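This report refers to the structure that appears directly beneath it.
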Amino acid sequence: MRRPRRALPSARRPAGRPYLKPVVSTSLELGLRFGGLQAKPGQTRGSLTLYRTDNRDDILFSSVSVTGQLGYFRNFDRTRHQGLDAEVQNRWGAWTVGVGYSYLEATYQAEGVIRQGERNVTITPGTRLAGLPKHQLKLALDGELSPGWTVGLDAQLLSSRGVAGNEDGLLEDGDDDSVRLKLPGYGLLNLRTSWKPANLKGVELFANVRNVFNRQSESFGALAETQFDAQGRYTGAGSEALFVAPGAPRAFQVGVRVRL
């Protein structure tokens, strides 16, 4: 969707909010595919894609000054996402197995200062964006046990991710010692099954289990100030702490699909 490049008249623009330029992305992609779109019995198919996307005038939250505590949304000169996606799939009789791998380099490509939590983070070209895993691996297995009854599973493995507010390797503004904080990688297993009764055309019964082993994971992390210690006791003294967003717990889904 194209955004207008003209700023809103100042009388209608919300007070205190500067004009934001539209984000402009330039992408280059090179791909290779073999074996068709879907694996046939006894056949292997796959694909490999290399890509680079440069974003100009990306929108980030930035501090007013290196020592200030106020900030606003503004355009950041440039960010970049580049990497590769690879996929291989094979089919043996009624069973299909697939493996997918993704590699991602998500970085800032300009100098600047951004506001993250309680910190003013100094950015240089090549600084990694927080919260995005560098490696992802996906495994999938699907098969038909009997006419109309299918089962499947998939596993997702993610590598460690950086923490917002620690992009420059510092815990507090003005620190001299570099400490790199990361959320640990994790893996999830999901199961699924479905049944299409032969005598009920267009009806499908299905059941899914997400995060089968109820694995505890952390989807995002950020540095921020807290006045509580590790045991949850109020101390009255502010200190930097790592706040995390928990991943989804085990979940069950059962339902009916009807196609008319």
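If you read the sequence from its start, that first residue is 1, and numbering goes on from there. Below, all heavy atoms of this structure are taken into account, side chains as well, without hydrogens, waters or symmetry copies. The shown structure was predicted, so the numbers you read here are calculated from the model rather than taken from an experiment.
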**Prompt:** If you group Ile, Leu, Val, Met, Phe, Trp and Tyr by side-chain heavy-atom gaps below 4.5 Å, do Leu104 and Val99 land in one group?
**Reply:** no
**Asked** Quick one: do Leu28 and Val24 end up in the same hydrophobic cluster if we chain Ile, Leu, Val, Met, Phe, Trp and Tyr together by side-chain heavy atoms under 4.5 Å apart?
**Response** no
Polar contact flag, side-chain donor to acceptor under 3.5 angstrom, [X]-[Y]:
{"X": "Thr53", "Y": "Ser25", "value": "no"}
{"X": "Tyr51", "Y": "His81", "value": "no"}
{"X": "Arg52", "Y": "Gln82", "value": "yes"}
{"X": "Thr49", "Y": "Asp85", "value": "no"}
{"X": "Thr79", "Y": "Asp58", "value": "yes"}

In a table with atom names and distances, give each donor-acceptor pair under 3.5 Å that connects a side chain of residues 137-148 to protein atoms at least two apart or in another chain.
| from | atom 1 | to | atom 2 | distance (Å) |
| --- | --- | --- | --- | --- |
| Asp142 | OD1 | Arg192 | NE | 3.1 |
| Asp142 | OD1 | Arg192 | NH2 | 3.0 |
| Asp142 | OD2 | Arg192 | NH2 | 3.0 |
| Glu144 | OE2 | Gly148 | N | 3.2 |

**Asked** Is the closest side-chain heavy-atom distance between Thr44 and Phe34 below 4.5 Å?
**Response** yes
**Prompt:** If we only count heavy atoms from C-beta on, is the Leu171 to Leu223 side-chain gap below 4.5 Å?
**Reply:** yes
**Prompt:** Parallel, tilted or perpendicular: which describes the rings of Phe76 and Tyr108, with under 30° parallel and over 60° perpendicular?
**Reply:** perpendicular
Side-chain ion pair, [X] and [Y], N-O less than 4.0 Å:
{"X": "Arg128", "Y": "Glu105", "answer": "yes"}
{"X": "Arg45", "Y": "Glu87", "answer": "yes"}
{"X": "Asp168", "Y": "Arg119", "answer": "yes"}

**Nearest-0.5 Å distance that lies between atom OG in Ser159 and atom OH in Tyr186** = 10.0 Å
